[in-house]
2 protein chains.
Amino acid sequence: MTVWDRPEPPARPVPLDRERIVAAAVALADEGGLEAVSLRKVAARLDAGPMRLYGYIATKEELFDLMLDEVYGEILPEEPARDWREALRGHAHRTRQASLRHQWLADLLGGRPTLGPNALAVTEAMLSALDGVADLDTVMRAVETVSAYLTGAIRREIASLRAEQATGLSERDWQRAHGPHVSRMLATGRFPALAKLVHDGTELDPETTFATGLEWVLDAVAAKLA
Amino acid sequence: MTVWDRPEPPARPVPLDRERIVAAAVALADEGGLEAVSLRKVAARLDAGPMRLYGYIATKEELFDLMLDEVYGEILPEEPARDWREALRGHAHRTRQASLRHQWLADLLGGRPTLGPNALAVTEAMLSALDGVADLDTVMRAVETVSAYLTGAIRREIASLRAEQATGLSERDWQRAHGPHVSRMLATGRFPALAKLVHDGTELDPETTFATGLEWVLDAVAAKLA
DNA sequence: CTCATATCGATACACTGTATTGGCGGATTA
DNA sequence: TAATCCGCCAATACAGTGTATCGATATGAG
């Protein structure tokens, strides 16, 4: 046995904490999606055994909660908004941007009540921007309605973005698998309105689609706040 | 060896087809959520080995797609709507009802582009109700905006419903685990608007919350279609 | 009746989240 | 200082997952 194949010493790893664990998990998810996050892989990134993590985390779901709240930190407004509308609009666009950076966010958004400190701070920012504009119930409805639109729109956008990426990697697989299926369906004549839309509809840019829908919803909110 | 412990003959199972497989999977998911759906358990319900399913299904994800489209069958309108507004409203409420019956639907809705026959038919119904009301782009935006609200609102409602159910089973676990955490957060004074809402806000009935937000969005759509 | 073929399902594999337990280090006490 | 004990950490273990592989079996042809 020479020095070369002598095993390295256990490499006494840096002491762990939640932040480092969450950061590793986020990095993993950014690279390979949520399903690439396994406790074993997270631990491996930190030169630790899998069970080590259970000193800081009770369950994998809790790790997901922490990841989500971590990203809510990126969504916090840097400065207070001028008015309620800009607050809601800003929140929406920041959330969308974060979801484009961390596509796995679409899988988590709205999936469970989020009570982390950053999520609370984000909600607080919206609520305070609406404070006094209307009664409490209306304010709450406004926030919830906008959030619902947000969540849904982002989810759909990420979903089709993924479909594109997947088919980009193996385009003709998709063409052969689903393309003809859908085309055949449309050709049956059972879906005339849909066929017309696919045939004549213009491809819409996702960002303006999102923004347009958002403004519609904001208009609706404005009408109710008045 | 007596007749009693003689193993039963292989029980030659009924021949499989996609419908039976999907039905078994849906039943499983209704009982225990999406995570209770494993190919082994689905196969067991049909007196088959796990690999038997691969003759009818390429992958587990495909099974989920089929389950989703199966439920879209419950969402199809029974008769054509009188006008576009009723079409969209009806679609929304039917989707919500289906999600209450099959809570796992919340995990799938909007998660991937849905191209099954029932989903296409549902979309067709909405589009045809809007046909001629405005130009194609606007119609598409209307459908997408309402769908986005739908998806998000249902997701949130099911999420909090699950939280309630989970805490119902072990109430003081939740009280001890998260209750004080949130209370402490609010007590820090860093979230005044949030605290006021929690303190003074009235508990809103989910159904009317959903309906109210929906009407807001429909109002917005109406304003743009005009 | 024999043989070829093709289909089906049992076995196998790599991987998951987590419970259990054995061993090791450091702190505490005689 | 020496010995003991306690607490923590991680290796092993387990039950389960989705799916690839491949051998047996059943079917059809000659």
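To find a chain, count down the sequence lines: A is the first, B the second, and so on, and within it residues start at 1. As the structure is a prediction and not an experimental result, all values here were calculated from the model.
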For this session: Please report the C-alpha distance between B:D65 and B:D69 in whole Å, then the side-chain angles of each, then the deciding distance to 0.1 Å, and finally whether the side chain to side chain contact (heavy atoms under 4.5 Å, CB included) criterion is met.
Result: CA-CA 6 Å; B:D65 286 345; B:D69 203 66; over 6 Å; no
Problem set entry | Residue pair A:E74, A:R94: steps toward the salt bridge (Lys or Arg N to Asp or Glu O under 4.0 Å) verdict | CA-CA 8 Å; A:E74 301 178 17; A:R94 282 192 302 275; over 6 Å; no
For this session: Evaluate the salt bridge (Lys or Arg N to Asp or Glu O under 4.0 Å) criterion for residues B:D107 and B:R162: first the C-alpha distance (whole Å), next the side-chain angles of each, then the deciding distance (0.1 Å), finally the verdict.
Result: CA-CA 12 Å; B:D107 303 317; B:R162 278 180 187 153; 2.9 Å; yes
Exercise. Going through the distances and angles, do B:E124 and A:R190 end up as a salt bridge (Lys or Arg N to Asp or Glu O under 4.0 Å)?
Worked result: CA-CA 9 Å; B:E124 170 70 20; A:R190 287 163 49 203; over 6 Å; no
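The heavy-atom pair separating B:R155 from A:G111 by the smallest distance is NH1-N, 3.1 Å. Considering every non-hydrogen atom in both A:I158 and A:Q103, the closest pair reads CG2-O, 3.8 Å. Between B:L76 and B:A121, the shortest heavy-atom contact is CD2-CB, 3.6 Å.
One atom, OH of B:Y54, and another, C1' of C:dT7, lie 18 Å apart when rounded to the nearest Å. B:L63 has its CG atom 10 Å from the P atom of D:dG18, to the nearest Å. In this structure, the CG atom of A:D17 is 17 Å from the C1' atom of D:dC9, given to the nearest Å. Per the geometry, CZ belonging to A:F64 stands 8 Å off P belonging to C:dG17, to the nearest Å. When rounded to the nearest whole Å, the span between CG of A:L28 and C1' of C:dG17 equals 15 Å. A:L53 has its CG atom 15 Å from the C1' atom of C:dA19, to the nearest Å.
Comparing the end axes of the helix from C:dC1-D:dG30 to C:dA30-D:dT1, each fitted to five base pairs by superposing C1' atoms of four pairs onto the next four, gives an inter-axis angle of 30° (nearest 10 degrees).
Counting only residues at least two apart or in different chains, ring pair (Phe, Tyr, Trp, His ring centres under 6.0 Å) contacts with residues 98-122 of chain B comprise B:H102-B:W104.
Taking 4.0 angstrom as the limit, A:T59 places none of its side-chain polar atoms (N or O) nearer than this to OP1 or OP2 of C:dG17. Contact annotation: B:R52 side-chain N/O to C:dG9 OP1/OP2 distance is under 4.0 Å.
Against DNA chain D, the stretch residues 32-41 of chain B makes heavy-atom approaches under 4.0 Å through B:V37, B:S38, B:L39, B:R40, B:K41.
Here B:E70 does not pair with B:R18 in a salt bridge; the nearest charged N to carboxylate O distance is not below 4.0 Å.
Ranking D:dT19, D:dT12, C:dG17 by closeness to the B:M51 side chain, first place goes to D:dT19.
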